[in-house]
> 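To start, I am sharing the structure in question, which I have written as C-alpha coordinates.
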Amino acid sequence: QVQLVESGGGLVQAGGSLRLSCAASGRTASRHAMGWFRQTPGKEREFVAVIAWSGGRTYCADSVKGRFTISRDNARNTVYLQMNSLKPEDTAVYYCAAYRSEFGLLLPQRVSQFLYWGQGTQVSVSS
(Lines give C-alpha, C1' and ligand atoms only; values in the text may rest on other atoms or scores of the structure.)
Protein backbone atom coordinates (compact mmCIF):
# COMPACT_ATOMS: atom_id res chain seq x y z
CA GLN A 1 0.00 0.00 0.00
CA VAL A 2 1.30 3.44 -0.99
CA GLN A 3 -0.17 6.75 0.10
CA LEU A 4 0.47 9.88 -1.96
CA VAL A 5 0.02 13.54 -1.09
CA GLU A 6 0.63 16.30 -3.64
CA SER A 7 1.50 19.89 -2.86
CA GLY A 8 2.85 22.99 -4.56
CA GLY A 9 -0.02 23.95 -6.81
CA GLY A 10 -1.26 27.50 -7.14
CA LEU A 11 -1.92 30.45 -9.41
CA VAL A 12 0.87 31.72 -11.65
CA GLN A 13 1.15 34.00 -14.66
CA ALA A 14 1.99 32.64 -18.08
CA GLY A 15 5.73 32.16 -18.43
CA GLY A 16 6.13 31.51 -14.72
CA SER A 17 7.24 28.40 -12.85
CA LEU A 18 5.93 26.06 -10.18
CA ARG A 19 7.33 22.98 -8.53
CA LEU A 20 4.94 20.24 -7.49
CA SER A 21 5.87 17.72 -4.82
CA CYS A 22 4.44 14.29 -4.14
CA ALA A 23 5.17 12.81 -0.74
CA ALA A 24 4.89 9.04 -0.72
CA SER A 25 4.50 6.81 2.30
CA GLY A 26 4.30 3.06 2.72
CA ARG A 27 6.78 0.22 2.93
CA THR A 28 7.28 -0.02 -0.83
CA ALA A 29 6.99 3.66 -1.72
CA SER A 30 10.48 4.00 -3.23
CA ARG A 31 10.16 0.85 -5.38
CA HIS A 32 7.53 2.06 -7.84
CA ALA A 33 7.78 4.02 -11.05
CA MET A 34 5.96 7.30 -10.43
CA GLY A 35 3.93 9.45 -12.78
CA TRP A 36 2.25 12.80 -13.01
CA PHE A 37 -1.09 13.23 -14.75
CA ARG A 38 -3.42 16.17 -15.17
CA GLN A 39 -7.12 16.63 -15.72
CA THR A 40 -9.48 19.46 -16.63
CA PRO A 41 -13.28 19.37 -16.23
CA GLY A 42 -14.99 17.19 -18.81
CA LYS A 43 -11.76 15.69 -20.13
CA GLU A 44 -9.94 12.45 -19.51
CA ARG A 45 -6.92 12.33 -17.25
CA GLU A 46 -3.83 13.07 -19.33
CA PHE A 47 -0.30 11.70 -18.94
CA VAL A 48 2.36 14.32 -18.18
CA ALA A 49 5.57 12.60 -17.06
CA VAL A 50 6.95 9.39 -15.57
CA ILE A 51 10.12 8.40 -13.75
CA ALA A 52 11.54 4.93 -13.16
CA TRP A 53 11.72 3.61 -9.60
CA SER A 54 15.50 4.19 -9.55
CA GLY A 55 15.20 7.68 -11.01
CA GLY A 56 17.52 6.72 -13.85
CA ARG A 57 15.01 7.11 -16.68
CA THR A 58 12.27 9.61 -17.35
CA TYR A 59 9.78 10.40 -20.09
CA CYS A 60 7.57 13.42 -20.68
CA ALA A 61 4.58 14.01 -22.90
CA ASP A 62 5.29 16.00 -26.05
CA SER A 63 3.08 18.83 -24.80
CA VAL A 64 5.42 19.52 -21.86
CA LYS A 65 8.76 18.30 -23.19
CA GLY A 66 11.47 20.91 -22.70
CA ARG A 67 9.38 22.77 -20.11
CA PHE A 68 8.62 20.20 -17.38
CA THR A 69 11.10 18.00 -15.55
CA ILE A 70 10.28 15.04 -13.32
CA SER A 71 12.68 13.92 -10.60
CA ARG A 72 12.65 11.95 -7.37
CA ASP A 73 14.49 11.68 -4.07
CA ASN A 74 14.05 8.15 -2.79
CA ALA A 75 15.71 9.01 0.51
CA ARG A 76 12.84 11.43 1.11
CA ASN A 77 10.21 9.33 -0.72
CA THR A 78 9.31 12.40 -2.73
CA VAL A 79 8.70 12.95 -6.45
CA TYR A 80 8.86 16.39 -8.02
CA LEU A 81 7.51 18.03 -11.15
CA GLN A 82 9.35 21.23 -12.06
CA MET A 83 7.17 23.24 -14.41
CA ASN A 84 8.73 26.14 -16.32
CA SER A 85 7.41 28.42 -19.07
CA LEU A 86 3.88 27.67 -17.99
CA LYS A 87 1.03 28.29 -20.42
CA PRO A 88 -2.69 28.82 -19.79
CA GLU A 89 -3.34 25.41 -21.34
CA ASP A 90 -1.35 23.83 -18.50
CA THR A 91 -4.17 24.77 -16.13
CA ALA A 92 -5.49 21.56 -14.57
CA VAL A 93 -5.63 19.45 -11.44
CA TYR A 94 -2.32 17.58 -11.27
CA TYR A 95 -2.21 14.07 -9.82
CA CYS A 96 0.70 11.99 -8.64
CA ALA A 97 0.47 8.22 -9.13
CA ALA A 98 2.47 5.08 -8.33
CA TYR A 99 2.81 2.24 -10.82
CA ARG A 100 1.03 -0.96 -9.83
CA SER A 101 4.23 -3.10 -9.62
CA GLU A 102 7.53 -2.70 -7.78
CA PHE A 103 10.87 -2.24 -9.52
CA GLY A 104 10.85 -3.15 -13.25
CA LEU A 105 12.05 -1.22 -16.29
CA LEU A 106 8.78 0.08 -17.64
CA LEU A 107 7.95 3.76 -18.00
CA PRO A 108 4.16 3.42 -17.86
CA GLN A 109 1.98 6.13 -19.34
CA ARG A 110 -1.58 4.80 -19.14
CA VAL A 111 -3.90 5.64 -16.27
CA SER A 112 -4.82 1.96 -15.93
CA GLN A 113 -1.19 1.03 -15.20
CA PHE A 114 -1.11 3.08 -11.99
CA LEU A 115 -2.63 1.67 -8.82
CA TYR A 116 -2.13 4.41 -6.23
CA TRP A 117 -3.23 8.03 -6.64
CA GLY A 118 -3.00 11.25 -4.70
CA GLN A 119 -5.87 13.67 -4.18
CA GLY A 120 -4.57 16.19 -6.71
CA THR A 121 -3.37 19.78 -6.59
CA GLN A 122 -4.75 22.65 -8.67
CA VAL A 123 -2.48 24.55 -11.04
CA SER A 124 -3.90 27.67 -12.65
CA VAL A 125 -2.00 29.69 -15.23
CA SER A 126 -3.32 33.14 -16.14
CA SER A 127 -2.68 34.80 -19.49
> With sequence neighbours left out, write down each residue that passes ring-ring contact (aromatic ring centres under 6.0 Å, His included) with Phe114, or none if nothing qualifies.
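For Phe114 the ring-ring contact (aromatic ring centres under 6.0 Å, His included) partners, ignoring immediate neighbours, are Phe37.
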> In Å, rounded to the nearest 0.5 Å, how long is the span from OH of Tyr59 to CG of Leu107?
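Tyr59 OH to Leu107 CG: 9.5 Å, rounded to 0.5 Å.
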> Side-chain contact, heavy-atom cut-off 4.5 Å: Met83 with Val12?
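No; the side chains remain at least 4.5 Å from each other.
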> Sequence neighbours left out, what pairs pass disulfide bond (SG atoms under 2.5 Å apart) with at least one residue falling in residues 1-31?
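Pairs touching residues 1-31 that pass the test: Cys22-Cys96.
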> Quick one: side chain to side chain donor-acceptor pair (under 3.5 Å) partners of Arg76, sequence neighbours excluded?
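Arg76 satisfies side chain to side chain donor-acceptor pair (under 3.5 Å) with Asp73 once adjacent residues are dropped.
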> Same cluster for Val64 and Tyr80 if Ile/Leu/Val/Met/Phe/Trp/Tyr side chains link at under 4.5 Å?
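No; tracing contacts between hydrophobic side chains, which count when under 4.5 Å, never links both residues.
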> For Ala24 and Ala29, which heavy atoms make the closest approach, and how far apart are they?
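Looks like CB-CB, 3.9 Å.
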> Do Phe47 and Ile51 belong together in a cluster built from hydrophobic side chains that touch within less than 4.5 Å?
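No; Ile51 is not reachable from Phe47 via cluster members.
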> Taking side-chain hydrogen bond (donor to acceptor under 3.5 Å, both in side chains) as the cut-off, I'd like each qualifying pair that reaches into residues 95-104, sequence neighbours left out, listed once.
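Residue pairs with at least one partner in residues 95-104: Arg31-Glu102.
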> For Ser17, give me all partners under side-chain contact (heavy atoms from CB on, under 4.5 Å), at least two apart in sequence or on another chain.
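Listed in chain order: Gln82, Asn84.
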> Does any pair with a residue in residues 34-56 pass salt bridge (Lys or Arg N to Asp or Glu O under 4.0 Å), and if so which ones, sequence neighbours excluded?
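As it turns out, the salt bridge (Lys or Arg N to Asp or Glu O under 4.0 Å) pairs with a partner in residues 34-56, which skip direct neighbours, are Arg38-Glu46, Arg38-Asp90.
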> Checking Thr121 side chain against Ser7 main chain: does a donor-acceptor pair fall under 3.5 Å?
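Not a single qualifying donor-acceptor pair exists.
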> List the atom of Ala49, the atom of Leu81, and the distance in Å for their closest heavy-atom pair.
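Heavy atoms of Ala49 and Leu81 come nearest at CB-CD1, 4.2 Å.
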> State the OG-CE distance between Ser71 and Met34, to the nearest 0.5 angstrom.
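Ser71 OG to Met34 CE: 11.5 Å, rounded to 0.5 Å.
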> Which residue pairs satisfy the disulfide bond (SG atoms under 2.5 Å apart) criterion with at least one member in residues 46-89, sequence neighbours excluded?
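The answer is none; no pair qualifies.
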> With sequence neighbours left out, what residues match Thr40 under side chain to side chain donor-acceptor pair (under 3.5 Å)?
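Applying side chain to side chain donor-acceptor pair (under 3.5 Å) to Thr40 gives none.
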> Does Leu106 belong to the same Ile/Leu/Val/Met/Phe/Trp/Tyr cluster as Val50, with side-chain heavy atoms less than 4.5 Å apart forming each link?
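Cluster IDs for Leu106 and Val50 match.
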> Ignoring hydrogens and geometry, is there a side-chain-to-backbone donor-acceptor pair from Gln13 to Ser126 under 3.5 Å?
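The answer is no, because no donor-acceptor pair under 3.5 Å joins these two groups.
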> Atom CG in Leu20, atom CZ in Phe68: separation rounded to 0.5 Å?
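The CG atom of Leu20 sits 8.0 Å away from the CZ atom of Phe68.
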> Holding to side chain to side chain donor-acceptor pair (under 3.5 Å), I want the full list of residues that pass it with Arg19, two or more places apart in sequence or in another chain.
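Expected list: none.
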> Do Val2 and Leu115 belong together in a cluster built from hydrophobic side chains that touch within less than 4.5 Å?
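Linked, Val2 and Leu115 end up in one cluster.
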> In chain order, what residues pass the side chain to side chain donor-acceptor pair (under 3.5 Å) check against Gln122, with sequence neighbours excluded?
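Partners of Gln122 by the side chain to side chain donor-acceptor pair (under 3.5 Å) criterion, ordered by chain and then number, come out as Ser124.
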> Who are the ring-ring contact (aromatic ring centres under 6.0 Å, His included) partners of Trp53, not counting sequence neighbours?
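Residues passing ring-ring contact (aromatic ring centres under 6.0 Å, His included) with Trp53: Phe103.
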> Side-chain heavy atoms under 4.5 angstrom apart, residues restricted to Ile, Leu, Val, Met, Phe, Trp, Tyr: same cluster for Leu4 and Leu18?
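As far as the 4.5 Å side-chain criterion goes, Leu18 and Leu4 are connected within one cluster.
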> I need the full list of side-chain hydrogen bond (donor to acceptor under 3.5 Å, both in side chains) pairs touching residues 104-117, with sequence neighbours left out, sorted by first then second residue.
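Every pair satisfying side-chain hydrogen bond (donor to acceptor under 3.5 Å, both in side chains) with a residue in residues 104-117: there are none.
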> Any donor-acceptor pair under 3.5 Å linking the side chain of Glu6 with the backbone of Gln119?
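Side chain of Glu6 to backbone of Gln119: a pair is present.
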